[in-house]
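Remember, it's 1-based here, ligands and their atoms both numbered in the order they're listed.
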Amino acid sequence: MSTSVDTSVAAGAKYEPVIGLEVHVQLLTATKIFCSCSTRFGAPPNTNVCPVCLGMPGALPVLNRKAVEFATLAAMALNCRINETSIFARKNYFYPDLPKGYQISQYDKPLAEHGFIEVPANGRRKKIGITRVHLEEDAGKSLHEGFPDSAEKTAIDLNRTGVPLIEIVSEPDIATPDEAYEYLTRLKEIILYTGVSDCNMEEGSLRCDANVSVRPRGQKEFGTKTEIKNVNSFRFIREALVYEIGRQVEVIESGGKITQETRLYNANEGKTYGMRSKEQAHDYRYFPEPDLLPLVVDEKWRAEIARSLPELPEARRERMVKEYGITEYDAQVLTFSRSLADQFETAAKAAKNPKRVANLVQGELMGRLKAKGIDIEQSPISMKGVAASADLVEAGAISGKMLKDLYDLCFERGKDFPQVYEDEGRPQQSTDTSALEKIIDEVLTANPRQLEQYRAGKKTMLGFFVGQVMKASKGQANPQLVNELLSKKLE
Ligand code: ADP
Ligand code: ZN
Ligand code: MG
């Protein structure tokens with residue numbers, strides 16, 4: 001072992017990281033936050049724009065009611081207190097993709113505060129505080145690539161300008177990169193359940209900036225933080241944090257000081273690089289937006305919004321475990337999305353044995369999906385199909401082996417179970433005793449050596465014979481019946 005590894009491990013134990021995350025989520029409204037331009041992703045550049053979102057002099061913003069409702073719903077799902085009155089503010093800065101010269105955001109009076117998300121940590125549940133959830137408009141996009149003639153050009157697409165966002169700011173409660181990963185996974189899951197965003201990271205509907213500092217274990221004051229920007233997957237955020245924590249410890253251990261700055265993560269190299277020293281908050285010269293009234297979400301409106309709050313994933317899993325007698329792991333898989341959970345519950349309620357439905361998803365469906373590289377939302381066999389197959393097994397109409405074969409056919413043909421079952425002529429497992437006895441006789445005659453071993457006391461040979469009979473019946477025999485008949489015959 002080299003000494004440098006020893007020192008870095010020792011240094012790692014001497015310090016503890018402090019992490020806080022700022023997540024931007026794009027709201028799924030049809031139109032922008034302050035004008036009626038479309039928010040559609042992928043439209044030709046600069047086609048979804050108007051004087052308001054282009055920041056023309058004299059154009060006035062009008063607040064989108066739906067954006068407020070979506071933001072409030074998300075904040076409620078994140079256990080926040082909704083402020084009856086919140087204030088829009090101008091955040092002033094110059095950037096080519098911001099034609100107004102300021103972004104309309106919220107500052108000292110945000111829409112919502114004091115929330116939390118629960119994450120698993122060391123086998124327990126830990127609450128990560130949410131400082132605030134506020135509404136703001138997105139900026140445009142600068143495109144530095146895709147110019148075959150010159151690499152020095154930059155193009156601006158202002159379609160995204162004015163698309164509604166919420167920013168969700170966490171407390172510096174996150175203690176490890178793994179916890180950050182969990183927090184983001186839960187956050188995304190909750191937002192998806194509320195339906196206010198598609199959280200598509202590739203399209204930029206969910207973006208995360210990670211703030212991180214380290215301090216000597218036991219010290220109360222926080223160290224100086226850096227902010228890692230523009231990381232485009234949760235896995236990369238975890239990696240970037242691991243790297244950045246190591247870097248900060250090294251700087252401090254070698255007598256240096258951390259500068260408060262924004263850093264970029266290069267996923268290919270697995271390293272962060274300093275980009276610019278962070279503007280102090282007062283540099284933005286925030287002041288109340290004079291063109292918008294204070295936003296008032298009164299009790300009546302809040303109650304109305306609260307009515308569309310769905311059962312959230314964690315609570316749903318708990319209930320499903322109790323209601324269907326399934327494991328926590330089953331529940332985790334079956335709540336992958338709200339629509340899958342809905343489908344499962346509808347199917348399971350109609351099925352004779354909900355537990356068997358869950359078992360089939362776990363035992364027969366997941367492996368096939370994985371082999372095909374698709375997730376459960378794209379499964380050829382629907383939850384209804386799984387339930388139908390579970391009922392057939394439950395009633396003894398088909399054997400487990402037959403079910404497996406039928407599932408294979410479903411995946412080959414891309415068809416749901418009931419369809420394939422019909423197409424195959426509603427196969428039934430054989431309960432025809434005389435036909436089975438004939439097969440048993442054939443199997444015993446064909447395997448004299450094994451028969452001798454059985455007679456000599458090797459009772460485990462029974463399993464061998466059952467297997468042979470099942471095979472000879474092409475899986476259509478009822479295994480229980482085969483067992484009975486074989487035992488009788490061998491006596
Ligand atoms: P800024 O003024 O730089 O935007 P904020 O106080 O608003 O900083 O915090 C931004 C984010 O950084 C929050 O998620 C917060 O929890 C986190 N944060 C604040 N201080 C620290 C620190 N010393 N170390 C790690 N994270 C921090
Ligand atoms: Zn517009
Ligand atoms: Mg801040």
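By heavy-atom distance, the residue among K225, R132, E221, E167 lying nearest atom 20 (N) of ligand 1 is K225. In this comparison of S213, P17, G20, A210, the heavy atom closest to atom 24 (N) of ligand 1 sits on S213.
At a cut-off of 3.5 Å, with distance as the only test, a side-chain donor of T327 or D330 sits close to an acceptor on the other residue.
You'll find the side chain of R235 reaches within 4.5 Å of the side chain of E239, heavy atoms only.
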*Kindly determine whether F344 and Y324 satisfy ring-ring contact (aromatic ring centres under 6.0 Å, His included), including the steps that lead there.*
CA-CA 11 Å; F344 168 77; Y324 305 106; 5.4 Å; yes
_Could you go through R316 and E345, starting from their C-alpha distance and side-chain angles, then the distance that decides it, and tell me whether this counts as salt bridge (Lys or Arg N to Asp or Glu O under 4.0 Å)?_
CA-CA 11 Å; R316 187 162 196 175; E345 289 209 64; 2.9 Å; yes
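Interface of F222 with ligand 1, defined as ligand atoms under 4.0 Å from a residue heavy atom, comprises 23 (N). Taking every non-hydrogen atom of V169 and a distance limit under 4.0 Å, the qualifying atoms of ligand 1 come out as 13 (C), 14 (O). Listed by number with element, the atoms of ligand 1 under 4.0 angstrom from any heavy atom of E171 are 16 (O). Applying the 4.0 Å criterion to heavy atoms of V18 picks out, from ligand 1, the atoms 24 (N), 25 (C).
Of the possible donor and acceptor atoms, none in the side chain of T226 sits under 3.5 Å from a partner among the backbone N and O of E261. With hydrogens and angles ignored, the 3.5 Å screen pairs a side-chain donor or acceptor of K32 with a backbone N or O of T161. Listed for the T194 side chain is no donor-acceptor partner under 3.5 Å among the backbone atoms of A74. Under the 3.5 Å distance criterion, the side-chain polar atoms of N83 are left unmatched by any main-chain donor or acceptor of S86. Put simply, the side chain of N232 never gets that close to the backbone of M201: no donor and acceptor are under 3.5 Å apart.
Polar contact with ligand 1: present for P172 (N/O pair, distance under 3.5 Å). Taking distance alone, with nitrogen or oxygen atoms compared against 3.5 Å, G223 approaches ligand 1 more closely than that limit.
Between Y243 and Y265, the ring centre distance reaches or exceeds 6.0 Å.
Residue contacts with ligand 1, taken as heavy atom pairs separated by less than 4.0 Å, involve E22 solely via side-chain atoms from C-beta onward. With a 4.0 Å cut-off on non-hydrogen atoms, L21 touches ligand 1 through its backbone and not its side chain. Both the backbone and the side chain of N211 come within contact range of ligand 1, each with a heavy atom under 4.0 Å.
Listed by chain and number, the protein N, O or S atoms at a distance under 2.8 Å from the Zn ion (ligand 2) are C35 SG, C37 SG, C50 SG, C53 SG.
A distance of 11.0 Å separates CD1 of I117 from CG of D173, quoted to the nearest 0.5 Å.
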